[in-house]
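Below is one structure, written out as structure tokens; comments come after it.
Everything quoted here is computed from the prediction, not taken from an experiment. All heavy atoms count here, side chains included; hydrogens, waters and symmetry mates do not.
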Amino acid sequence: MAKMIIRQATLADVDAVTAIFITAMASNPSWNYRYPYRHEYPEDHLRTNRDVIRRFISPSYPDWTVNVVEVIGEGSAHVSKIVTISIWDLTYLVGIIFTVVRAAPLADLCYLRQLAGKDSADACGPGKDQNPVHVAAFFKALAECKKKHFDFFGSERLSLQILATLPEFRRHGYGTALVRWGMERAARDNVVLTLSASPQGSRLYTELGFRHLGNQVMQAPDEEEFLVISAMVYEPVAGAQEAREVP
């Protein structure tokens, strides 16, 4: 039987993590919504996402961490393979463990593109693989979800940003193992754990003890097409926040 280990990703893992990210997210409705032209422009899609993953992993951003499940096969070769990734926002540790923190990875990416000589209007402009209107709707929905559901808990919260498993390794407990890492971390640090779940992911989180806070609609102006994400929280602390009504 293959052995599973959980570890923090390093810069040597950037290509493997990027490949999993792109492959696994293809089954997520919001990925198709945002990147409908990725098959026409695969190099653009790969380049942009690789740069994002590299920044999440980089030690320059200590308030973010990427954890992976690595499976080590049996036999003399003991071939190892990363099969699941998770990306975590640890900004609640600023001032406790971290003293000087740079801007968030995506914000820094925009800034560095400007320094490279692009016009400000184009610095964070859409890649050819994207539908820019849908990308804007996606980030607007996340911002509204945070304001409506997560700001209630203040800054003392751990946030799961991405959980992705290669299709052929799903339903083996690898994603669950990474989520449990976050649950244990939240309990240890006396904070809540929040996330925005896709329809297919919400069932897993419910089974693990997460509470549904409400839904957030993702919809571009003047379009009928829309997606729904679920705001969820895990409260490990005794006497955690009471269930509440959200208007």
- [ ] Using a 4.5 Å cut-off on heavy atoms from C-beta on, say whether the side chain of E156 contacts that of V192.
- [x] no
Open item on the list: With a 4.5 Å cut-off on side-chain heavy atoms, are V71 and Y174 touching?
Closed with: yes
Task: Expected output: side-chain T48 to main-chain D44 donor-acceptor under 3.5 Å - done: yes
TODO: Show the numbers, then the answer: is there a salt bridge (charged side-chain N to carboxylate O under 4.0 Å, His left out) between E40 and K128?
DONE: CA-CA 9 Å; E40 298 174 45; K128 295 178 181 179; over 6 Å; no
Task: Beyond-backbone contact of L142 with I229, side-chain heavy atoms, under 4.5 angstrom - done: yes
TODO: Kindly say whether the aromatic ring centers of F21 and W31 come within a distance under 6.0 Å.
DONE: yes
- [ ] May I ask whether V14 and V52 are part of the same hydrophobic cluster, defined by side-chain heavy atoms of I, L, V, M, F, W, Y residues being less than 4.5 angstrom apart, directly or through others?
- [x] yes
Task: Residue pair Q219 / E225: nearest heavy atoms and the distance that separates them - done: CG-O, 3.4 Å
- [ ] Would you indicate whether E207, at its atom CD, is surrounded by more than 12 heavy atoms from other residues, nucleotides or ligands within a distance under 6.0 Å?
- [x] yes
- [ ] Of all the heavy-atom pairs spanning N49 and Y35, show the shortest one and how long it is.
- [x] OD1-OH, 4.5 Å
Open item on the list: Testing the basics here: between H45 and D129, what is the closest heavy-atom pair and its distance to 0.1 Å?
Closed with: ND1-OD2, 2.6 Å
- [ ] Tell me, with the steps shown, if L93 and D189 meet side-chain contact (heavy atoms from CB on, under 4.5 Å).
- [x] CA-CA 9 Å; L93 293 174; D189 293 349; 4.1 Å; yes
TODO: Answer yes if V228 and M25 sit in the same cluster of Ile, Leu, Val, Met, Phe, Trp and Tyr residues linked by side chain heavy atoms under 4.5 Å apart, and no otherwise.
DONE: no
TODO: For the residue pair L204 and F210, establish whether any side-chain heavy-atom pair is separated by less than 4.5 Å.
DONE: no
TODO: Given side-chain contact (heavy atoms from CB on, under 4.5 Å), test L193 with Y205 step by step and report yes or no.
DONE: CA-CA 11 Å; L193 167 56; Y205 302 122; over 6 Å; no
Task: Salt-bridge present (R55, D51; N to O < 4.0 Å) - done: yes
TODO: Measure the acute angle between the ring planes of F56 and W64, then classify it against the limits of 30° and 60° as parallel, tilted or perpendicular.
DONE: tilted
Open item on the list: Looking at every heavy atom in both G209 and Y234, which two are closest together, and how far apart are they?
Closed with: O-CD1, 3.8 Å
Open item on the list: Is there a side-chain contact (heavy atoms from CB on, under 4.5 Å) between E144 and V217? Walk through the geometry before answering.
Closed with: CA-CA 9 Å; E144 291 177 349; V217 174; over 6 Å; no
Task: Euclidean distance, S230 OG relative to H149 NE2, rounded to 0.5 Å - done: 9.0 Å
Task: Residues in side chain to side chain donor-acceptor pair (under 3.5 Å) contact with T18, at least two apart in sequence or another chain - done: none
TODO: Could you grab the distance from atom CE of M232 to atom CG of N215, nearest 0.5 Å is fine?
DONE: 9.5 Å
Open item on the list: Please tell me whether L163 and L158 are part of a single hydrophobic cluster in this structure, the criterion being side-chain heavy atoms less than 4.5 Å apart.
Closed with: yes
Task: Validation row: N32, R38 side chains within 4.5 angstrom (heavy atoms) - done: yes
TODO: Look only at the side chain of T91 and the backbone of D63, and say whether a donor-acceptor pair between them is shorter than 3.5 Å.
DONE: no
Open item on the list: Does either side chain, that of R185 or that of T65, offer a donor lying less than 3.5 Å from an acceptor on the other one?
Closed with: no
Task: Cluster overlap Y37 with F138, hydrophobic side-chain contacts below 4.5 Å - done: no
Open item on the list: Side chains of P221 and K140, heavy atoms from C-beta outward: is any pair under 4.5 Å?
Closed with: no
Open item on the list: Show the nearest heavy-atom pair for residues L90 and P62, with the distance to one decimal.
Closed with: CD1-O, 4.5 Å
- [ ] Compute whether any side-chain donor of one residue and acceptor of the other, for Q161 and S159, lie under 3.5 angstrom apart.
- [x] yes
- [ ] List in chain and number order the residues that pass side-chain contact (heavy atoms from CB on, under 4.5 Å) with V135, two or more places apart in sequence or in another chain; answer none if no residue qualifies.
- [x] R34, Q130, F139
- [ ] First locate atom CE of M183, then atom CG of L178, and finally report the distance between them rounded to the nearest 0.5 Å.
- [x] 12.5 Å
Task: S86 vs V179 side-chain heavy atoms within contact, under 4.5 Å - done: no
Open item on the list: Test side-chain contact (heavy atoms from CB on, under 4.5 Å) on F152 and V233; report intermediate values, then the result.
Closed with: CA-CA 11 Å; F152 172 84; V233 63; over 6 Å; no
Open item on the list: Is there a continuous path of hydrophobic side-chain contacts, each under 4.5 Å between heavy atoms, that joins I53 to Y41?
Closed with: no
Open item on the list: For R50 versus D15, what's the shortest heavy-atom pair and its separation?
Closed with: NE-OD1, 2.6 Å
